[in-house]
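For reference, the structure discussed in these notes is given below.
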Amino acid sequence: MGSYGPGKKFFPWKSGCGACVVLISKYNPELNQFEDFTASSCLTLLCSIHGCSITTSEGLGNSRDGFHAIHERIAGFHATQCGFCTPGMCVSLFGALVNAEKITDRPDPPIGFSKATVVEAERAIAGNLCRCTGYRSLSDACKSFAADVDMEDLGLNTFWRKGESDDVKRRRLPKYDHNKRIEFPEFLKEVNPNLFLACEKHSWYSPSTLKELQSLLKLSLDNGTQMKLVVSNTSNGYYKDTKEYDMYVNLKGISELSKIQKDETGIEIGAIVTISKAIEALKQKSGTCDFVSDFDVILEKISDHLSKIASGFIRNIGSVGGNLVMAQKNNFPSDLATVLLAVDSSVHVMNGTQFEWVSLEEFLERPPLGLESVVLSIKIPRWESSNKSTKIMFETFRAAPRPLGNALSYLNATFLAEVSSTKDCDGIMVNACRMSFGAYGTKHAIRAKEAEELVAGKLISANIIYEAINLLKTIVLPDEGTSRIAYRVSLAVGFLFKFFSPLIDISAENFNDDFNGYFERTCALKEKKNGNCHDHDDKIPTLLSSGKQEIQVDDEYSPAGEPIAKSGAALQASGEAVYVDDIPSPPNCLYGAYIYSTKPLANVKSIKLKPELQLDGVRAIVSSKDIPKGGQNIGNRAFFDVEPLFSDEIAKCVGDRLAFVVADTQKLADMAANSAVVEYDFEDMEPPILSVEEAVERSSIYDFPSTAHPEQIGDISKGMSEADHKILSAEIKLGSQYYFYMETQTAVAIPDEDKCMVVYTSSQNPEYTQITIARCLNIPQHNVRVITRRVGGGFGGKALKSIAIATSCALAAYKLRRPIRMYMNRKTDMIMAGGRHPMKIVYNVGFKSNGKITALDIKILINAGIYVDASFAIPDKFVNSLKKYDYGALFCDIKVCKTNHPSRSIMRGPGEVQGSFIAEAIIEHVASELSMDVDSIRNINLHTYASLCTFYGDSSGEAIDYTLPSLWNKLALSARYEERSEMVKEFNNINIWRKRGISKLPIMFHLSMSAIPGRVSILGDGSIVIEVGGIEIGQGLWTKVKQMAAYALCEIQCDGDDGGLLDRIRVIQSDTLSMVQGGITSSSTTSEASCEVVRLCCNVLVERLKPLKERMQKEKGSISWETLILQASSEAINLSANALYSPGASAGSKSYINYGAAVSEVEIDILTGETSILQTDIIYDCGKSLNPAVDLGQIEGSFVQGLGFFMLEEYETNHEGLVLANGTWTYKIPTIDTVPKQFNVEVLNSGYHKDRVLSSKASGEPPLLLAASVHCAVRAAVKEARKQLISWSNSEALNSTFHLDVPATLPVDWSFRGLNRNPGLLCQYPGLHLKT
């Protein structure tokens, strides 16, 4: 479905995020029932839903007809920020609620609730991505619909106050009618779903029989036409279409392909059965008796495994057969193939007019299926124990970056074994065995037959497991070029160990009882042996998050300071909020896409398109040659330099813009750009610089202003001489991070009269965009109007990087005199974005025997990329967060390196997140060297107020402003840090295969205020309109501005206006010809500055209106707001005031420090590297928050984005700098299943701060730094695992001093836990008794 607009959002480049999810309803005339399922609309071909009803979020409810309860609860639970993902979230939840009502064996829920359980409600959004909220608030909004919800578990909202009873809470929730369904249009019931459609270029066929299908296949082969067999087109989410097809053949109408048949021989599932329907079918028990057969258990475990792949809105449309065909033809890393392989499944295949059953193993090994071959069904044979003395064991495993959130496995495995007790000796015999492994970097899933033969017929023992492990390492061999080979092999070994090792402890005498326990625990025996509890697969639930929120509401400046709902939240939820992509394309609009360099440094000799594309809708290729006379080749007006819009003759990095293809559609523009042939010439070119080490060696260093160099603090030589211990030349490298805004870079440029240009852009920086376009086109700035209403996520990536996109569209529009727009696809965006600055850090540190640091000498190499962008700001930001500890003396040698990578730009917490983490790494290193508790090292190095002033100068504020010591101690008590630390030690002592870690750390974040303009205007009816330079990017700027205006204007105190002025106020979009000097929305302080400029404007209006109001009161007594404004208009009083806020001259008014602290506790799986974040507690100083609910959301969302940096997000490139992680399949941001299970946040009201805006402090960026607490906790857990391994092997090879890489992904965690050195150590732990 290619039409995007209100109700659903456009996520370019296919699937994986959930922003465009819709509900599809289909009528079944045979059963007189409706089938409702969510689907990703970006993958769904329009013809495939012929006869269906489509419901978007706006269809559920809207501002005109009334919002749906989902919209109201999303808004009331503060569960939206940028809002771009929210409509998809709402529809995903609605789909779960609708289908829960169809479950007949559940009782009717209480009024206002659904039949859905809290687990189902929360899991409804498990596949939806959100980059802003941190998911906790979304989870609460979802769970609020569940009949079994614990009302105490629901977090901060606008519906009730703390302490009110559960009954009151239930009554105040917006009512949900579980009996009301979306009406299905009657006329659709009569529509024949088998559609035939033919046009000039394409045709759509819907055969209803296999015979018709055979005829179409023959026709295609005979005519040589390009045919695509379609079920739901989900394959296009992974394997993008690179060509147009002549024929589309829809298989959904063929009844033979949709059957599900279960009998005494097994279960047969038609090829077009969706994965979701297969899951439900596999869950159904055989017969009606209470007895659960082996086969039922096997099928249920297969069902559970399938529920962890993809996401709900993909499983609802993706077919079983399509998944296996992708595995067979394209080597797709299928979980389904691996699972079915272990149970001896077979596949029914039609080859032309011939039919055959083949084993799945043979099917996968055959050459790729030809067009004449079609999979019809899959058969799982029945498995049962042959007699009472034998048992069937079955288990599936997968290790993936995210447990549920649409992530491919590093490796998946399935084991099936028939075992029995033996009379001759005490133990368990393996009679027969199946082992399958897949997704590990090979063509398809395989059976490990040699390992099966080794185990079969043997009494299970540590020795047999040890032999099987060694053999398996020779079988599971990833292909050359596969990433993380050692880790994938280790997973196979670990899964084998998990499956078989519990059997060692089952006695023949108690075979039945022990084995029943085995099944109940899902392949996880836990028993005490020699005081040790070895529960190596006691799985932690992947969902059901919870949290507590503590806020302090101050009514001194009411309504400022109140936790009101975010402005426009319900509009965002319903999908009515308008983003750039929602703006209808003007008549004659064309679409653009970039041709970019795939080489890091090369001469560009020519660019050519395929001839057929040139004739079929491609209108122009725009380059630097098309810049008007006198115009400049400028694509980014950075702080210290200019970045060209297009490279002239030399491509200087991968992703360098070479040209801009303009075509009739976005799809055609993307296809043309992707298929462009660029001829490169490397003659006389030096090798590219692709590392900071090369940059230093070749003196490729930016010479930045001396004012940007951090000053030395104290005497380094003296500090080092006073040290009892020294760490010298310790090295740490930190990688990049991609913004992953939900709305990619986008713009629309519309030519206007008199050489004017109107540009709509998703930008944090409309002013610089206006300046750049004017300079490029050589026209005055007043000829360029840049408009930004709201941004669908920015995080710094739309501060400078968005400028070139708008300028390219404007240049093409200027040249062609037609509107031009672009939705940059995700792949291109990721290749060109640059992201966070990678760094190399080398430090020398001196310290006393008690852990007090006396000197820190640190060298930082910053990879800025090919253009300077905002890189000169990074050193100062890095050092300001590094200085959170008292080092005695500090010297920083920082070099900003110019490399042949895309230019790096500012990203949320730029420099600060790296600096703060390095500070923690140094503290951890010192603790390891001294064998001391790291918390004691942190405590002894925290600043006193005196040392704070030494390190931060006037920004330190007054002594009362230094709140870190008090909140540090408060957090230790509220999070029960000491008690939990002891509990972690106890857990680690009694658990072998899982270890826990806990960490508490502080942050200090230096913030600066910037100038910003604003205007407040009162209209004739008393409504108020506000313009500010700041852009609403999800941070709640509009909300806080409205609150500030209502507070400032309430000084007039009109009668009959007890509700205040809040509902009368609207903040409107940014327009560069209306609001000049808008500046950049960045650095977390734009909301404060915008509020302050609005207060200045309101003060002027109050000054104008107050005398009139007092005069009218004397004359008439009671005066309403409307009457006052009407009279002011008649007396020609100016009802519009504008101002420019500029921070004071003193350092204290221009900048300040913010404080926070966090405790995080994690649990790791030693065998797989999986990490669960059990709990995070945060206390964050917001001063007197302008809106505690908004700031709470910023704290949670920022923390989770930091969690991505430290734990999940690998922005990988190849050896030339080309980004490999270029989409949702390969780049994994946090999802709801990866956030802390218990997430507690306190927004601290630290009282009066004289130089702040109403004593408030920023919240947008600083909490991101607190996510390092998770990384440090993981390091603590890994350290415990290494200590345990040392005790087994009596080896000191694993010392306690190590640096855990960032991000600490599963493979990284595993590699530091020590088993990578010798997987055979698995069999040496106490209790397995390996015989030598």
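Computed from a prediction, not measured in an experiment: that's the story for all the values here.
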Practice task
Would you tell me whether S955 and S1151 have side-chain atoms, one donor and one acceptor, within less than 3.5 Å of each other?
Solution key: yes

Problem - Test: E1163 and R996 ion pair at under 4.0 Å - result: yes

Handout entry: S1082 and Q764: side chain donor to acceptor below 3.5 Å
Key = no

Handout entry: Donor-acceptor pair, side chain of T1085 and main chain of E1088, under 3.5 angstrom
Key = no

Exercise for the section: Would you confirm whether K995, through its side chain, and N988, through its main-chain N or O, come within 3.5 Å as a donor-acceptor pair? Expected result: yes

Practice task
Using atom types as modelled and distance alone, determine if a side-chain donor or acceptor of D876 lies under 3.5 Å from a backbone N or O of I874.
Solution key: no

Practice task
Check the side chains of E920 and Y885 for a donor-acceptor pair under 3.5 angstrom, ignoring hydrogens and angles.
Solution key: yes

Problem - Side chains of Y1180 and N1154, donor plus acceptor under 3.5 Å - result: yes

Handout entry: Pair S849-H725, side-chain donor/acceptor within less than 3.5 Å
Key = yes

Problem - Derivation of the side chain to side chain contact (heavy atoms under 4.5 Å, CB included) call for Y887 and V845 - result: CA-CA 9 Å; Y887 303 112; V845 60; 5.8 Å; no

Problem - L1001 backbone acceptor or donor facing S1269 side chain under 3.5 Å - result: no

Exercise for the section: With sequence neighbours left out, write down each residue that passes ring pair (Phe, Tyr, Trp, His ring centres under 6.0 Å) with Y962, or none if nothing qualifies. Expected result: Y1155

Exercise for the section: Determine, step by step, whether E122 and S139 satisfy the side-chain hydrogen bond (donor to acceptor under 3.5 Å, both in side chains) criterion, reporting the C-alpha distance in whole Å, the side-chain angles of both residues, the deciding distance to 0.1 Å, and the verdict. Expected result: CA-CA 6 Å; E122 187 181 37; S139 172; 2.7 Å; yes

Practice task
Any chance you could lay out the ring-ring contact (aromatic ring centres under 6.0 Å, His included) test for Y739 and F795, step after step, and finish with the verdict?
Solution key: CA-CA 6 Å; Y739 307 98; F795 317 113; 7.9 Å; no

Problem - Donor-acceptor side-chain pairing of T963 and S1246 below 3.5 angstrom - result: no

Handout entry: Trace of the side chain to side chain contact (heavy atoms under 4.5 Å, CB included) decision for S928 with R1275
Key = CA-CA 12 Å; S928 292; R1275 185 187 181 281; 3.4 Å; yes

Problem - Ionic contact status for D961 with R1252, cut-off 4.0 Å - result: no

Exercise for the section: Under the salt bridge (charged side-chain N to carboxylate O under 4.0 Å, His left out) rule, collect the residues that match up with D1191, sequence neighbours excluded. Expected result: K1040

Handout entry: Over all atoms of both residues, closest heavy-atom pair of I1033 and C82
Key = O-CB, 3.6 Å

Practice task
Give a yes or no on whether the backbone of G1197 and the side-chain of Q1194 come within a donor-acceptor separation of less than 3.5 Å.
Solution key: no

Practice task
Look at K970 together with E550 and state whether they make a salt bridge at an N to O cut-off of under 4.0 Å.
Solution key: no

Problem - Flag for D1309-T1171: side-chain donor and acceptor within less than 3.5 Å - result: yes

Practice task
Measure across K1184 and G1247 and return the closest heavy-atom pair with its distance rounded to 0.1 Å.
Solution key: CG-O, 3.6 Å

Exercise for the section: Please assess E929 against V926 for the test side chain to side chain contact (heavy atoms under 4.5 Å, CB included), listing each intermediate value before the final yes or no. Expected result: CA-CA 5 Å; E929 288 292 322; V926 170; 5.8 Å; no

Fill in the blank from the handout: Here the pair of heavy atoms bringing D886 nearest to K852 is O-NZ, 2.8 Å

Handout entry: Partners passing salt bridge (charged side-chain N to carboxylate O under 4.0 Å, His left out) against E164 (at least two apart in sequence or in another chain)
Key = R172

Exercise for the section: Write down the atom of S916, the atom of I1003, and the distance for their closest heavy-atom approach. Expected result: OG-CG2, 4.0 Å

Practice task
Using modelled atom types only, decide if a donor and an acceptor are shared between the side chain of Q914 and the backbone of G911 within a distance under 3.5 Å.
Solution key: yes

Practice task
Could you tell me whether E1280 and K985 make a salt bridge, using a distance below 4.0 angstrom between a side-chain N and a carboxylate O?
Solution key: no

Problem - Within 45° cone of F951 ring axis and under 6.0 Å: K883 NZ or CZ - result: no

Problem - Pairing residues for E986 by the salt bridge (charged side-chain N to carboxylate O under 4.0 Å, His left out) criterion, not counting sequence neighbours - result: none

Problem - Sidechain-backbone polar pair: S1084 side chain, E1261 backbone, donor-acceptor under 3.5 Å - result: yes

Exercise for the section: Measure from the side-chain N and O atoms of S567 to the backbone N and O of T1039, and report whether any donor-acceptor pair falls under 3.5 Å. Expected result: no

Handout entry: Aromatic plane relationship, H1271 with F917 - under 30° parallel, 30 to 60° tilted, over 60° perpendicular
Key = perpendicular

Practice task
Could you list the residues that satisfy ring pair (Phe, Tyr, Trp, His ring centres under 6.0 Å) with F77, not counting sequence neighbours?
Solution key: F159

Problem - Side-chain donor/acceptor of K143 to backbone N/O of D150, under 3.5 Å - result: no

Exercise for the section: Show your reasoning for whether side chain to side chain contact (heavy atoms under 4.5 Å, CB included) applies to V879 and I894. Expected result: CA-CA 10 Å; V879 174; I894 303 179; 3.7 Å; yes

Fill in the blank from the handout: Scanning both residues in full, the closest heavy-atom pair of S1160 with T1176 reads OG-OG1, 2.9 Å

Practice task
Answer whether the closest heavy-atom distance between the side chains of R938 and S999 falls below 4.5 Å.
Solution key: yes

Handout entry: Minimum heavy-atom distance between L138 and A79, given as atom pair plus value
Key = CD2-O, 3.3 Å

Practice task
Could I get the full list of salt bridge (charged side-chain N to carboxylate O under 4.0 Å, His left out) partners for R1095, not counting sequence neighbours?
Solution key: E1092

Problem - Test item: side-chain donor near acceptor, S881 and E912, under 3.5 Å - result: no

Exercise for the section: Evaluate whether atom NZ of K548 has more than 12 neighbouring non-hydrogen atoms of other residues, nucleotides or ligands under 6.0 angstrom away. Expected result: no

Problem - Main-chain N/O of Q1201 paired with Q737 side-chain donor or acceptor, under 3.5 Å - result: yes

